[in-house]
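Single-structure report; data block below.
Just so it is clear, the model here is predicted, and its values are computed rather than measured. Every chain is numbered from 1 and lettered A, B, ... according to where its sequence line falls, protein lines coming before strand lines.
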Amino acid sequence: DVKVTQSSRYLVKRTGEKVFLECVQDMDHENMFWYRQDPGLGLRLIYFSYDVKMKEKGDIPEGYSVSREKKERFSLILESASTNQTSMYLCASTSLGGLEWYNEQFFGPGTRLTVL
Amino acid sequence: AQSVSQHNHHVILSEAASLELGCNYSYGGTVNLFWYVQYPGQHLQLLLKYFSGDPLVKGIKGFEAEFIKSKFSFNLRKPSVQWSDTAEYFCAVNGYSGNTPLVFGKGTRLSVIA
């Protein structure tokens, strides 16, 4: 079974703090993604990565950065957390290869971040 | 830019009623289409997907979806819902060629009452 794990299910931080959200997948997937999920807005892509040390901006990258030093790990960083970053953060991964590059995205359980 | 539109924000059905959730997409080329489901407190998981071939796609738990290219639609259906189908449903799309991320709709919350 593919497993995508996220470091915390719930996190409470204060405005201005630096926040790290970690995601690890165990299936040697090339592609990894960070989304935020908000009621009525669905999932919005923050950043994604096709390979180690590679990153691409998604639709809402402002206020976020990412790091991918190892293939299995993709970190989302909030440099200075703000209240409008209170949200559910979802990590996903998928494989890349041959005709099946569009394989299913596998999601982690999510981290519910509250910024006070 | 790609976009996905889900027509219903919240749908309430009685058990055994039939379900159809609308999904329309905007994209200038060949697409891959997906429906994901999120049960309360659980991960997002794939219900079904369409890449090519038969436009009527069958997924898990009795769900199916029909791709109608002329209408840019990919509606989700189930002939008889159960209480356990209560969940949030997301339609998603990405481009057929290239390594592009999924674009998700805003989701439809389904509540099934006994």
I46(A) with L11(A), same ILVMFWY side-chain cluster at under 4.5 Å: yes
Neighbour count above 12 (heavy atom, 6.0 Å) for H9(B) NE2: no
For P109(A) against H43(B), the heavy-atom pair lying closest together: CB-NE2, 3.4 Å
More than 12 heavy atoms from other groups under 6.0 Å of CZ on R109(B): no
From K49(B) atom NZ to Q105(A) atom CD, the distance as rounded to the nearest 0.5 Å: 11.5 Å
Segment of Q38(B) engaging chain A (4.5 angstrom heavy-atom cut-off): side chain
Contact class of R9(A) relative to chain B, heavy atoms under 4.5 angstrom: side chain
Crowding at NZ, K106(B) (>12 non-hydrogen neighbours, <6.0 Å): no
hydrophobic_cluster_shared for F74(A) and L78(A), side chain cutoff 4.5 Å: yes
Worked verdict on L102(B) versus Y35(A) for side chain to side chain contact (heavy atoms under 4.5 Å, CB included): CA-CA 10 Å; L102(B) 290 176; Y35(A) 297 89; 4.0 Å; yes
Qualifying residue for side chain to side chain contact (heavy atoms under 4.5 Å, CB included) with F104(B), from L41(A), L43(A), L45(A): L43(A)
Side-chain heavy-atom pair Y50(A), P101(B) within 4.5 angstrom cut-off: yes
Proximal component of Q37(A), with respect to chain B [non-hydrogen, under 4.5 Å]: side chain
Flag if over 12 foreign heavy atoms under 6.0 Å of CZ, R14(A): no
